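See below for the structure under consideration.
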Amino acid sequence: MKLLQLRYIWEVARHGLNVSSTAESLFTSQPGISKQIKLLEDELGVQIFLRSGKHLTDITANGRSIINIAGEILDRANNIRQIAMDARDKERGTLSIATTHTQARYVLPAVIKQFIARYPEVSLHMHQGTPVQISELAAKGAVDFAIATEALELFDNLVMMPCYLWNRSAIVRQDHPLAKQKTLTLQALAEYPIVTYVFGFTGRSQLDDAFNAVGLTPKVVFTATDADVIKTYVRLGLGVGIVASMAHDPVLDKDLVALDASHLFEPSTTKIGFRRGSYLRAYMYDFIEWFAPHLTREIVEKAAGTTDKTGLEALFRDIKLPWH
């Protein structure tokens with residue numbers, strides 16, 4: 001049994017049994033992967049995959065157990081490499097982050113600037129996607145950290161830590177009837193077309209819950225994953241934009257009026273998550289603390305060692321989260 005064979009079966013399962021795309025992602029040949037998988041099955045004396053001709057069609061019950069353990073072994077092997085790299089050179093390595101547009105555009109730039117200044121030899125990679133995609137990347141170990149407001153709780157193998165609270169603003173053109181309204185109400189918002197986030201993005205669920213609680217149905221005419229896109233369509237007169245308050249820049253968006261809506265919606269919590277059992281290098285702890293100063297190395301290590309949700313909630317119960 002070879003570590004390479006374990007990686008092949010793990011990656012083939014992760015790529016939906018598509019050996020061709022697996023080979024492409026690993027920069028190797030399809031016949032080479034198929035051969036190594038067959039050698040492993042012959043050595044173990046059990047089938048890991050079901051086949052129809054040359055195509056893999058399913059994973060056997062034994063195969064699922066083997067693949068799960070293979071994933072754990074690969075994680076351990078990666079941790080060994082990380083420990084060795086830390087011992088050789090604490091200032092060099094890679095850091096990969098998966099996040100949404102809102103975090104990448106409005107919150108992370110200052111943190112990343114600080115990180116690059118301190119660790120110029122660390123290669124930084126950012127992936128953007130939906131909250132589910134982001135969480136899945138972290139759960140599978142494809143990225144070091146996931147930063148999002150929604151969906152992190154869908155994966156049990158993620159250590160999730162609260163970073164900050166935020167709420168929403170309604171943005172309108174200066175000639176819009178709401179522009180001069182002193183106190184915004186849900187009833188007033190419900191009278192106009194609304195432009196906001198796609199469901200499952202950037203705390204959208206709290207917005208829908210607020211309207212539903214008072215028996216109103218918002219007239220959502222356009223949704224997007226990007227606050228800048230939402231503001232573009234507000235400028236075109238498509239409707240009232242509802243975005244994270246941090247997404248309104250008083251200088252860049254001086255042609256728009258931002259109306260505080262924090263009294264209308266429950267606040268949202270942005271969290272950072274990483275795969276349970278991962279070895280975090282020293283610069284990774286620094287990145288977390290610069291992003292969320294209350295997440296010191298001591299707190300992060302305690303969170304990583306907490307195996308149940310109740311214990312994790314208790315750890316952060318007395319911490320006062322900052323606002324963005």
Side-chain angles (χ1 to χ4, degrees), residues 98-108 128-135 147-154 162-271 321 323-324:
T99 191
T100 62
H101 170 269
T102 299
Q103 307 300 326
R105 169 71 176 81
Y106 298 104
V107 184
L108 283 170
Q128 285 182 234
T130 68
V132 172
Q133 291 170 337
I134 291 162
S135 303
I147 300 173
T149 299
E150 305 202 32
L152 291 178
E153 70 282 354
L154 298 177
C163 300
Y164 63 84
L165 299 167
W166 60 271
N167 216 311
R168 296 148 191 81
S169 291
I171 53 172
V172 295
R173 298 195 328 184
Q174 293 180 355
D175 60 354
H176 193 278
L178 289 180
K180 295 180 180 179
Q181 187 158 331
K182 292 183 179 180
T183 303
L184 197 62
T185 65
L186 289 173
Q187 288 74 14
L189 280 175
E191 292 180 10
Y192 299 96
I194 290 176
V195 183
T196 191
Y197 299 108
V198 173
F199 188 80
F201 246 88
T202 317
R204 167 66 190 277
S205 56
Q206 277 95 335
L207 184 150
D208 292 335
D209 290 345
F211 281 101
N212 292 336
V214 294
L216 294 172
T217 302
K219 303 173 189 175
V220 178
V221 296
F222 182 86
T223 62
T225 62
D226 182 329
D228 290 337
V229 171
I230 292 171
K231 288 186 286 186
T232 295
Y233 285 89
V234 170
R235 289 184 172 98
L236 291 175
L238 201 63
V240 178
I242 300 180
V243 298
S245 294
M246 71 187 88
H248 178 263
D249 187 312
V251 177
L252 297 178
D253 301 322
K254 60 186 178 181
D255 58 325
L256 297 174
V257 176
L259 306 167
D260 178 38
S262 61
H263 58 292
L264 302 179
F265 306 108
E266 288 294 321
S268 294
T269 304
T270 291
K271 298 178 182 179
L321 297 179
W323 281 84
H324 260 291

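Keep in mind the model is a prediction, meaning the values are calculated, not measured. The basis for the numbers below is simple: all heavy atoms, side chains too, and nothing from hydrogens, waters or symmetry mates.
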Looking at F265, is its backbone amide N or carbonyl O close enough to the side chain of N167 to form a donor-acceptor pair, meaning the two atoms are under 3.5 Å apart? yes
Validation row: D255, R235 side chains within 4.5 angstrom (heavy atoms): yes
Can the ring centroids of Y192 and H176 be said to lie less than 6.0 angstrom from one another? yes
Indicate yes or no: at least one non-hydrogen side-chain atom of V257 is less than 4.5 angstrom from one of K180. no
Point-to-point distance, once rounded to the nearest 0.5 Å, from CG of D208 to CG of L216: 12.0 Å
Work out which heavy atom in V234 is nearest to a heavy atom in I171; give both atom names and the distance. CG1-O, 3.6 Å
Under the side chain to side chain contact (heavy atoms under 4.5 Å, CB included) criterion, do T102 and W166 qualify, and how do the steps go? CA-CA 12 Å; T102 299; W166 60 271; over 6 Å; no
I147/I134 under side chain to side chain contact (heavy atoms under 4.5 Å, CB included): CA gap, chis, key distance, verdict: CA-CA 8 Å; I147 300 173; I134 291 162; over 6 Å; no
Is there a donor-acceptor pair closer than 3.5 Å between any side-chain N or O of S245 and the backbone N or O of R168? yes
Side chain to side chain, T217 and F211, heavy atoms closer than 4.5 Å: no
Measuring from L238:CG to I194:CD1, what's the distance to the nearest 0.5 Å? 11.5 Å
Please name the pair of heavy atoms, one in L178 and one in A188, separated by the smallest distance, quoted to 0.1 Å. CD2-CB, 4.0 Å
Distance in Å, L259 CG paired with I242 CD1, rounded so as to fall on 0.5 Å steps: 10.5 Å
Pair D253, H248 - check side chain to side chain donor-acceptor pair (under 3.5 Å), show working. CA-CA 6 Å; D253 301 322; H248 178 263; 4.7 Å; no
In Å and rounded to the nearest 0.5 Å, what is the CZ to CG distance from R173 to L256? 9.5 Å
More than 12 heavy atoms of other groups within 6.0 Å of Q128 CD: yes
Expected output: side-chain K231 to main-chain A247 donor-acceptor under 3.5 Å: yes
Trace of the side chain to side chain contact (heavy atoms under 4.5 Å, CB included) decision for H263 with L184: CA-CA 9 Å; H263 58 292; L184 197 62; 4.3 Å; yes
Any chance you could lay out the side chain to side chain contact (heavy atoms under 4.5 Å, CB included) test for D228 and Y106, step after step, and finish with the verdict? CA-CA 10 Å; D228 290 337; Y106 298 104; 2.4 Å; yes
Point-to-point distance, once rounded to the nearest 0.5 Å, from CG of L264 to OG1 of T183: 9.5 Å
Distance check, rounded to the nearest 0.5 Å: Y164 atom OH versus T269 atom OG1? 10.0 Å
